Amino acid sequence: MARSSNLAQETASILQHLGVDRRLYQEGIRTVRSPTTGGTIANVQDADAVAMGNVIDNAVHAFKTWRLVPAPRRGELVRLLGEELRAAKDELGRLVMIEAGKIASEGRGEVQEMIDICDFAVGLSRQLYGLTIASERLAHRMMEQWHPLGPIGVITTFNFPVAVWAWNAALAVVCGDTVIWKPSEKTPLTALAVQALVARAVEKFGDAPHGLSAVLIGDRDAATRLTDDPRVPLVSATGSTRMGRTVGPHLAQRFARAILELGGNNAAVVCPSANLELALRAIAFAAIGTAGQRCTTLRRLFVHRHVYAALVERLKQVYATARVGNPLEDDSVLIGPLIDEAAFAAMQATLSEVHALGGKITGGDRCYAERYPTAYYVQPALIEMAEQIGPVMRETFAPLLYVMPYTDFDQVIELHNGVSQGLASSIFSNDVREVEYFLSAAGSDCGIVNVNIGPSGAEIGGAFGGEKETGGGREAGSDAWKNYMRRVTSTINFGSELPLAQGVRFDIG
Ligand code: NAD
């Protein structure tokens with residue numbers, strides 16, 4: 001598509017083409033900026049209390065109809081959405097680039113991930129199986145059914161502005177739920193665009209109830225409305241651990257279900273037998289891809305002393321040559337901007353701490369400050385640390401990679417697991433004993449444990465999520481769909497006696 005020099009105009013033209021009502025992105029008071037230039041690209045309106053109430057009322061009402069639609073027919077709506085996404089892939093991918101600052105292949109890749117989960121959910125719509133269970137009683141049968149749960153709240157982050165919604169929504173819709181989406185206040189436009197595509201799919205579908213899918217624009221107040229409404233039985237919240245600490249107790253207080261997908265502090269171990277060229281490529285993508293702004297970004301790298309010098313030297317070359325810049329203007333860019341000034345300030349504060357602790361920093365400087373005074377481009381930083389201390393223990397959402405040497409395998413597993421987050425991890429090794437140990441119950445304590453690939457870039461087929469302060473939630477593939485349904489256990493007596501379980505007798509004469 002033509003590259004407009006005026007980003008606001010280009011944004012408006014994409015939104016218009018995708019069918020978003022102009023008033024939704026031109027008449028509000030919340031400013032939306034592109035991290036690529038720092039410039040304003042739109043103005044959206046936060047939902048007020050009345051609008052929030054209406055959205056939840058409509059979702060509750062729509063659920064009463066949608067839960068009765070046969071699941072394979074519900075799958076047809078998701079199939080139609082997948083088609084809309086295929087048709088809009090380039091434009092929506094471009095909007096992700098503009099609004100979140102991703103490079104082109106990652107912008108399109110994010111839309112591909114939405115398409116993939118739609119395909120998965122369509123198949124799933126014919127596989128929402130329950131078990132038949134042997135009963136201990138004569139002429140009895142036990143079974144499980146899975147029923148729709150209700151209106152589902154989905155709170156999402158800026159860094160995967162559309163895919164995370166799709167992981168939740170595609171499953172929830174085939175499971176018979178309705179969906180209310182509170183996107184990040186930093187990326188509301190992609191949410192409005194996706195909602196317009198949902199509207200197109202709904203129109204083609206024909207008889208989906210009004211309110212089946214809705215977007216609530218706003219900040220944490222809008223999110224709190226979802227977490228506190230007793231009619232919303234499940235909230236899937238993706239974001240920082242700080243956010244999870246607020247959202248989790250709100251949901252627990254009213255016994256609602258939570259899928260918490262929170263911060264990571266992901267590590268990789270490079271063993272002496274590793275293929276170093278392969279490891280180098282994997283580390284580069286995982287550590288500096290998406291400008292270090294993935295929950296699965298590689299942040300801690302433990303390298304065996306025998307291969308430490310060779311690998312670190314190669315990494316430094318990669319860090320010095322990987323192209324930083326505006327992905328909207330230059331297709332060869334690998335590292336786009338940080339999301340905003342606060343992210344830049346957090347990175348600089350962490351670098352100061354690291355410096356004070358004696359860490360050896362390569363990179364980390366701001367780039368293009370004159371050209372883009374309100375956009376924040378940085379050189380990724382490679383930090384050699386002698387020990388896992390201070391900021392290494394926490395997630396700074398920026399391209400900072402701490403590299404540490406190790407000697408003893410058991411000790412490195414302890415260090416690997418010695419942080420409070422538990423999302424994604426990798427081992428690079430060709431020694432089957434090390435690999436199997438890492439994968440075993442005594443190995444990595446993360447939700448994602450990879451071998452000879454980096455910790456980031458998951459496929460939708462597996463369940464996604466992590467342990468400890470990462471929140472424990474699971475989304476996307478495998479049997480994550482069970483989170484979006486309620487399980488019913490039924491016992492059916494097809495005899496004429498009434499035997500009680502465990503041999504209990506209760507003769508009423
Ligand atoms: P954030 O926590 O600032 O915001 C995420 C969402 O939560 C936004 O919609 C925001 O409005 C809302 N929110 C924030 N504080 C809230 C509160 N107190 N109550 C209710 N809602 C609140 O996160 P971010 O900066 O947008 O995203 C980066 C973080 O997200 C990183 O920590 C990253 O690791 C994490 N993340 C995790 C996953 C995962 O699957 N585990 C995926 C992507 C991002």
Side-chain angles (χ1 to χ4, degrees), residues 100 154-161 163-165 167-168 182-187 219-220 223 227 235-252 258-268 286-301 338-340 342-351 353-354 380-381 383 388-402 415-426 444-450 454-458 463-476:
V154 180
I155 300 169
T156 57
T157 55
F158 76 85
N159 70 321
F160 276 92
V164 169
W165 170 83
W167 292 355
N168 287 279
K182 207 304 278 177
S184 166
E185 52 274 53
K186 294 171 191 168
T187 52
D219 53 21
R220 62 189 56 183
T227 57
V235 173
S236 171
T238 302
S240 57
T241 295
R242 191 185 56 244
M243 175 275 281
R245 282 193 208 287
T246 306
V247 162
H250 274 241
L251 293 169
I259 299 177
L260 297 178
E261 301 282 356
L262 311 174
N265 187 4
N266 316 295
I288 64 179
T290 330
Q293 298 172 113
R294 284 191 186 218
C295 52
T296 49
T297 289
L298 177 61
R299 309 199 181 277
R300 298 176 294 135
L301 180 64
L338 295 176
I339 189 70
D340 56 18
F344 174 69
M347 177 177 172
Q348 296 314 304
T350 298
L351 285 173
E353 260 184 88
V354 161
I383 302 158
Q388 177 165 271
I389 49 169
V392 188
M393 303 298 288
R394 59 168 204 258
E395 177 193 59
T396 301
F397 217 52
L400 302 175
L401 177 63
Y402 304 104
L415 287 168
H416 175 282
N417 294 342
V419 294
S420 56
Q421 311 81 0
L423 181 51
S425 58
S426 297
S444 165
D445 64 359
C446 293
I448 296 168
V449 187
N450 291 339
S456 68
F464 183 90
E467 303 300 333
K468 302 193 287 185
E469 289 187 3
T470 302
R474 290 296 184 278
E475 288 171 348

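Bear in mind the structure is a predicted one, so any value in this text is a computation, not a measurement. FYI, side chains are in, hydrogens and waters are out, and symmetry mates aren't considered; it's all heavy atoms of this structure.
- Here the closest non-hydrogen pair linking Pro455 and Leu298 is CG-CB, 3.9 Å.
- Two residues are said to be in side-chain contact when any heavy atoms from C-beta on lie closer than 4.5 Å; Tyr402 and Gln388 fail this criterion.
- Within the structure, salt bridge (charged side-chain N to carboxylate O under 4.0 Å, His left out) pairs that include any residue of residues 390-399 comprise Glu353-Arg394 (at least two apart or interchain).
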Quiz item: What's the verdict on side chain to side chain contact (heavy atoms under 4.5 Å, CB included) for Asp445 and Glu467, showing C-alpha distance, side-chain angles and the deciding distance?
Solution: CA-CA 7 Å; Asp445 64 359; Glu467 303 300 333; over 6 Å; no
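- The distance from atom CZ of Arg474 to atom CH2 of Trp167, rounded to the nearest 0.5 Å, is 11.5 Å.
- Here the OG1-CD1 distance, from Thr187 to Ile339, works out to 7.0 Å after rounding to the nearest 0.5 Å.
- Atom NE2 of His416 and atom OG of Ser426 lie 7.5 Å apart (nearest 0.5 Å).
- Taking 4.5 Å as the limit, some side-chain heavy atom of Ile155 sits within range of a side-chain heavy atom of Thr227.
- Annotation: side chain to side chain contact (heavy atoms under 4.5 Å, CB included) contacts of Thr238 (sequence neighbours excluded): Thr157, Val164, Glu261, Glu475.
- Thr350 and Pro391 get closest at one heavy-atom pair: CG2-CB, 3.7 Å.
- Within the 4.5 Å cutoff, side-chain heavy atoms of Ser425 are placed close to those of Val449.
- Looking at residues two or more places apart in sequence or on another chain, you find a side chain to side chain contact (heavy atoms under 4.5 Å, CB included) between Ser456 and Phe285, Ala286, Arg294, Thr296.
- For the pair Thr290 and Asn159, the minimum side-chain heavy-atom distance is 4.5 Å or more.
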Quiz item: Which is it for Val392 and Asn265 under the side chain to side chain contact (heavy atoms under 4.5 Å, CB included) test, yes or no, and what are the steps along the way?
Solution: CA-CA 8 Å; Val392 188; Asn265 187 4; 5.7 Å; no
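- In terms of heavy-atom proximity, Ala100 sits nearest to Phe158 at CB-O, 3.8 Å.
- At least one donor-acceptor pair closer than 3.5 Å links the side chain of Asn266 to the backbone N or O of Cys295.
- To the nearest 0.5 Å, atom CG of residue Leu338 and atom CZ of residue Phe397 are 10.5 Å apart.
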Quiz item: Step by step, would you call Glu469 with Arg245 a salt bridge (charged side-chain N to carboxylate O under 4.0 Å, His left out)?
Solution: CA-CA 9 Å; Glu469 289 187 3; Arg245 282 193 208 287; 3.3 Å; yes
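- Side chain of Thr470 to main chain of Leu262: no donor-acceptor pair is present (N/O by atom type, distance under 3.5 Å, no hydrogens or angles).
- Between Arg300 and Val419 the shortest side-chain heavy-atom distance falls below 4.5 Å.
- The two residues Gly248 and Leu260 make their nearest non-hydrogen contact at CA-CD1, 4.1 Å.
- Nearest heavy atom pair, residue Trp165 against residue Val154, reads CA-CG1, 4.3 Å.
- Annotation for Ala381 and Leu351: closest pair CB-CD2, 4.1 Å, computed over non-hydrogen atoms.
- Without hydrogens or angle criteria, Ser184 side chain to Lys186 main chain gives a donor-acceptor distance under 3.5 Å.
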